[in-house]
Amino acid sequence: MNSHYLSTSRSNPQFYTFSQRFERGASCDSFSSLDPQWKAQAQQAAWLDFWQREGHEFLEQKWHEQHPEYKQEIELATPEERTAWQELWERHACDQSAHFWHIFSCVFENYERDLSNGLQGVGQTLDEINENLSLLDIRQSDDSAASAESGGEDEQYLTANDDPELLDEEQQLRLLGLPTSFGVPGIARKRRKPRQQPASESESDNDPNLVIMPDDKDELLHGVQSRVIKKKKKPQKNSKVPQFMRDDILLRKYWFRRFSLFSRFDQGILLDRESWFSVTPEKIAKQTARRLASDVVVDAFCGCGGNAIQFANTCSRVIAIDIDANKLAMAKQNARIYGVSHKIEFIHADFLQFARATRLRPDVVFLSPPWGGPDYLKQATFDIEQHLLPLGATRLMQHARRLTDNIGFFLPRNSNIQQVIALSHIGQQCEVEHNYLDTRLVAITAYYGDSLLKSPRPDNEP
Ligand code: ADP
């Protein structure tokens with residue numbers, strides 16, 4: 001049976017995953033051939049499922065963030081004041097649900113399109129896709145871990161030509177970690193709320209850098225004050241662009257993403273040029289680690305440690321392998337910053353040789369092999385048999401399967417999904433997870449192996 005889910009965290013940038021199981025040998029087709037009315041219904045059903053399950057808790061959380069005084073004041077409130085609070089709550093619920101619906105529908109549409117692109121040329125029947133989509137389930141991922149993150153900037157949509165001095169307003173919002181895609185363009189500017197309305201709520205209201213200031217020209221409305229929001233300057237510790245990046249137009253845009261790569265970037269994270277392009281963004285690494293939680297995990301191409309660090313939080317033992325001793329040294333230092341170096345064994349080796357020689361039988365192997373640098377995006381569809389290094393995907397899987405059948409495979413967002421599915425054993429399923437930051441697809445993670453697929457779908461606990 002195919003299964004689907006959407007997860008989202010509540011901090012900036014929004015992080016979503018959609019996941020679907022595919023069976024090797026079953027045919028797949030593009031979503032574009034689906035009846036639009038049916039798609040709209042599926043989307044609506046998925047949304048309702050999500051909102052009914054998660055909505056109230058979310059509304060409450062936002063409400064108390066917005067109105068910390070509420071708990072105290074409601075105790076002593078007069079009937080009039082209670083009515084005003086009630087009106088405020090209703091407006092809050094309405095605004096929030098509209099806001100999230102909008103976000104949800106954007107990501108849903110992107111997922112349909114991205115999956116279609118990846119599946120192009122593969123012939124799943126309309127009925128099968130309809131049936132799959134009807135099973136869509138949405139869930140909200142762990143938020144506590146996400147909220148512990150600092151920074152959280154996601155500037156992945158900036159182009160290499162972006163100069164921090166010349167950024168337009170939308171780009172500045174992105175740099176500040178504020179939403180730009182969902183109709184709140186003015187949020188960074190001084191903003192006055194209409195009287196008798198609650199402070200407008202958006203993702204940015206979670207931002208610790210936003211200070212809520214009472215507007216002294218506005219009167220109190222039954223104890224509820226209109227607000228003006230001013231942007232406090234984000235403290236910029238150690239945030240000077242290194243010279244080697246300043247001179248490199250391609251790298252410069254990655255600098256803007258540093259906190260989405262490592263939330264503790266400013267504490268001394270080390271990355272070489274290659275790693276800036278290839279390290280897994282922290283939210284995705286966390287999701288993968290939740291999904292692959294086990295006793296012993298092998299991170300076969302550990303690089304500077306983005307994944308290994310997160311595995312250390314969900315697995316008892318992490319074996320982190322890399323062929324490059326400098327990368328391992330950086331990974332060690334980065335793991336120290338996250339306080340998990342004692343849980344990771346760093347092994348300087350060629351994974352292919354390691355797989356041939358070792359007697360180790362880990363529970364899970366995680367493959368995040370070189371994609372060949374940022375050029376992978378120049379291809380409409382990334383051929384995972386031709387362009388992955390050091391070997392094509394099938395041969396890499398053969399090596400990994402010497403150790404275990406339970407494998408996570410981190411792949412370019414434009415990977416040929418047909419090839420991804422074909423990596424399953426004959427007649428078996430794999431799960432293909434599309435990872436979105438904000439509304440954009442960043443990468444795909446595929447999961448293989450009985451125990452990974454039989455295990456409950458990723459839940460909210462890290
Ligand atoms: P990308 O091409 O996606 O930028 P990288 O070049 O950063 O990826 O490769 C990921 C990591 O894999 C690097 O740290 C690299 O040293 C490591 N690596 C490459 N080949 C092997 C191998 N055969 N065994 C182990 N690690 C390897």
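Ligands are counted one by one from 1 in listed order, and the atoms in each one are counted from 1 as well. The figures that follow rest on heavy atoms only: side chains count, while hydrogens, waters and symmetry mates do not. Each residue takes its place number in the sequence, starting with 1.
When all heavy atoms of Glu431 and Leu453 are compared, the pair lying nearest together is CB-CD2, 3.7 Å. Smallest separation of non-hydrogen atoms from Pro362 and Thr404: O-CB, 3.5 Å.
Ring centers of Trp371 and Tyr376: under 6.0 Å apart, within the cut-off. In this structure, Phe277 has its ring center at least 6.0 angstrom away from the ring center of Trp255. Taking the six-membered ring for Trp and the full ring otherwise, the centers of Phe382 and His387 sit less than 6.0 Å from each other.
With a heavy-atom cut-off of 4.0 Å, Ala300 touches ligand 1 through its backbone alone. If you look at Ser275 next to ligand 1, there are no close heavy atoms at all, none under 4.0 Å. The proximity of Pro370 to ligand 1, defined as any non-hydrogen pair under 4.0 Å, involves the side chain as well as the backbone. With a 4.0 Å heavy-atom cut-off, ligand 1 is reached by the backbone of Phe351 and by its side chain too.
Within ligand 1, the atoms closer than 4.0 Å to a non-hydrogen atom of Trp371 are 1 (P), 2 (O), 3 (O), 8 (O), numbered from 1 in the order shown. Per-residue contacts place Ala349 under 4.0 angstrom from the following atoms of ligand 1 (heavy atoms of the residue considered): 24 (N), 25 (C). Close contacts of ligand 1 with Asp324, meaning ligand atoms under 4.0 Å from a residue heavy atom, involve 16 (O). In summary, the atoms of ligand 1 found under 4.0 Å from a heavy atom of Gly303, numbered by their order in the structure, are 14 (O). Ligand-side atoms of ligand 1 in range of Glu274: 6 (O), range being under 4.0 angstrom from any heavy atom. Atoms of ligand 1 found under 4.0 Å from any heavy atom of Ile323 (numbered from 1 in listed order, with element): 16 (O), 18 (N), 19 (C), 20 (N), 21 (C), 22 (C), 23 (N), 24 (N), 25 (C), 26 (N), 27 (C). Ligand-side atoms of ligand 1 in range of Gly372: 2 (O), range being under 4.0 angstrom from any heavy atom. When each atom of ligand 1 is checked for a heavy atom of Phe301 under 4.0 Å away, the hits are 12 (O), 18 (N), 21 (C), 22 (C), 24 (N), 25 (C), 26 (N), 27 (C).
Of all protein heavy atoms, the one lying nearest to atom 4 (O) of ligand 1 is Ser278 CB, 3.0 Å. Protein heavy atom in closest approach to atom 23 (N) of ligand 1: Asp350 OD1, 3.0 Å.
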Checklist entry - How far apart are the C-alpha atoms of Ile347 and Phe354, what are their side-chain angles, what is the distance that settles it, and do they pass the side-chain contact (heavy atoms from CB on, under 4.5 Å) test? => result CA-CA 9 Å; Ile347 298 183; Phe354 176 87; 4.0 Å; yes

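Any N or O atom pair closer than 3.5 Å counts here, and Ser368 shares no such pair with ligand 1.
Note that NZ of Lys286 is 6.0 Å distant from OG of Ser263, once rounded to the nearest 0.5 Å.
With salt bridges taken as basic N to acidic carboxylate O contacts below 4.0 Å, one links Lys327 and Glu274.
Put simply, the residue from Leu367, Val432, Leu388, Thr445 that forms a side chain to side chain contact (heavy atoms under 4.5 Å, CB included) with Leu411 is Leu388.
Using modelled atom types and a 3.5 Å distance limit, the side chains of Tyr447 and Gln429 yield no donor-acceptor pair.
Relative to atom 17 (C) of ligand 1, the option among Asp322, Leu328, Thr280, Leu391 with the closest non-hydrogen atom is Asp322.
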